[in-house]
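A short write-up of the structure that comes next.
Treat the numbers as computed from the prediction; the structure is a model and nothing was measured.
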Amino acid sequence: MTRGYRALLAGINLDIKPGELWQLTGPNGSGKTSLLRAIAGLIRVGVSGTIDRPETLLFQGHAPGLKGLLTPVENLQSHPGGLIDAESDRVREALAAVGLLTSLNTPVMQLSAGQQRRVGLARLWLSKSSLWLLDEPFTAIDRQGTTLLEDKLRSHCERGGAVVFTSHQDGKFGANLNQLELADYAAR
């Protein structure tokens with residue numbers, strides 16, 4: 001895989017099966033985000049071989065992808081992708097699940113970084129997609145939010161979904177976690 005004129009990765013063969021949880025690891029600049037975005041079909045990098053993906057998937061980038069002037073409810077109701085169930089009752093339930101019930105009508109720009117991250121992650125509670133691609137989902141999340149997110153990822157996989165995420169943090173997934181260390185596939 002190349003980005004621009006720079007070769008990033010070589011020899012990766014990743015087969016993500018239902019029920020699997022994968023963490024892409026490696027130092028900054030090793031290609032974690034580029035690989036995740038290539039799997040999602042969001043960038044056209046130099047890929048030899050093929051990438052097969054489901055028709056619908058949920059991609060959550062490193063930035064939460066929110067509009068600051070909109071409330072959490074409005075942001076979730078206007079999200080265009082990932083088979084999001086945007087009915088108002090479901091949106092309220094998702095925001096309650098991530099601990100934001102008291103912030104439903106607050107413009108997102110007035111929320112803390114962690115609260116903004118939780119708004120973005122509430123999409124997981126609304127998604128009907130089987131494959132979730134998450135770039136640094138644990139950034140700016142407190143310990144309680146981290147535990148909540150770990151539980152959500154585990155339950156998605158237990159129901160037959162699959163998750164691929166990048167993170168510099170060690171999660172508490174035990175034997176259920178598959179890791180792909182990108183430093184092992186650095187192009188030479």
Can you tell me how far [atom2] of [Y] sits from [atom1] of [X], rounded to the nearest 0.5 angstrom?
X    : Y    : atom1 : atom2 : value
N176 : L21  : CG    : CG    : 7.5 Å
N75  : R123 : CG    : CZ    : 7.0 Å
H156 : S129 : NE2   : OG    : 8.0 Å
L24  : S34  : CG    : OG    : 11.0 Å
L133 : L131 : CG    : CG    : 4.5 Å
E150 : K172 : CD    : NZ    : 5.5 Å

T33 versus D135, side-chain donor and acceptor atoms under 3.5 Å: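 Looking only at side-chain atoms, T33 and D135 do form a donor-acceptor pair, the distance falling under 3.5 Å.
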Short side-chain donor-acceptor distance under 3.5 Å, E181 and T25: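 E181 and T25 do have a side-chain donor-acceptor pair below 3.5 Å.
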Less than 4.5 Å apart, side chain to side chain, heavy atoms only: is that true for [X] and [Y]?
X    : Y    : result
Q116 : V119 : no
L36  : V164 : yes
L149 : L124 : yes
L134 : F59  : no
Q60  : P137 : no
F173 : Q179 : no

task: Provide the full list of salt bridge (Lys or Arg N to Asp or Glu O under 4.0 Å) pairs with a residue in residues 8-18, sequence neighbours left out, each pair given once.
output: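 For residues 8-18: D15-K17.
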message: Please list all pairs meeting salt bridge (Lys or Arg N to Asp or Glu O under 4.0 Å) that have one or both residues in residues 103-121, counting only residues at least two apart or in different chains.
response: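 Counting only pairs at least two positions apart or across chains, the salt bridge (Lys or Arg N to Asp or Glu O under 4.0 Å) contacts touching residues 103-121 are R118-D142.
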message: Name the residue from L121, V98, T147, L148 that meets the side-chain contact (heavy atoms from CB on, under 4.5 Å) definition with I141.
response: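 Of the listed options, the one satisfying the test is L121.
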Residue list, side chain to side chain donor-acceptor pair (under 3.5 Å) with E20, at least two apart or on another chain: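 Checked E20 against side chain to side chain donor-acceptor pair (under 3.5 Å); matches are W22.
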message: Taking side chain to side chain donor-acceptor pair (under 3.5 Å) as the definition, give me every residue that meets it alongside H62, ordered by chain and number, with sequence neighbours left out.
response: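 So H62 forms no side chain to side chain donor-acceptor pair (under 3.5 Å) with any residue.
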Closer than 3.5 angstrom, by distance alone: can the side chain of [X] be matched with the main-chain N or O of [Y] as a donor-acceptor pair?
X    : Y    : result
Q23  : S167 : yes
S103 : T106 : no
Q115 : S112 : yes

For D184, salt bridge (charged side-chain N to carboxylate O under 4.0 Å, His left out) partners two or more places apart: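 If we apply the salt bridge (charged side-chain N to carboxylate O under 4.0 Å, His left out) test to D184, skipping adjacent residues, there are no hits.
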Over all heavy atoms of both residues, which pair between [X] and [Y] is shortest? Give the atoms and the distance, please.
X    : Y    : answer
L76  : A122 : CD1-CB, 3.8 Å
G11  : Y185 : O-CE2, 3.5 Å
L180 : L35  : CD2-CD2, 4.4 Å
P27  : A183 : CD-CB, 4.3 Å

message: Would a single hydrophobic cluster contain both L100 and L70, if residues Ile, Leu, Val, Met, Phe, Trp and Tyr are joined by side-chain heavy-atom contacts under 4.5 Å?
response: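 Looking at the clustering, L100 is in a separate group from L70.
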field: Shared hydrophobic cluster for L95 and W125 (ILVMFWY, side-chain gaps under 4.5 Å)
entry: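 Yes, one cluster joins them.
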message: Students often mix this up, so state it plainly: with edges at 30° and 60°, are the rings of F165 and F138 parallel, tilted or perpendicular?
response: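 Correct class here is perpendicular.
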task: Using a cut-off of 6.0 Å, state whether more than 12 heavy atoms not belonging to R154 lie near its atom CZ.
output: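 Enclosed: over 12 neighbouring heavy atoms sit under 6.0 Å from CZ of R154.
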message: Would V108 and K67 count as a side chain to side chain contact (heavy atoms under 4.5 Å, CB included) here? Give the steps.
response: CA-CA 7 Å; V108 165; K67 293 180 173 40; over 6 Å; no
task: Verify side chain to side chain contact (heavy atoms under 4.5 Å, CB included) between H168 and K32, making sure each step is shown before the conclusion.
output: CA-CA 11 Å; H168 292 283; K32 296 181 300 294; 3.6 Å; yes
query: For L69, which fellow cluster members are found when Ile, Leu, Val, Met, Phe, Trp and Tyr are connected by side-chain heavy-atom distances below 4.5 angstrom, either directly or through intermediates?
result: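 Under the 4.5 Å side-chain rule, L69 groups with M109.
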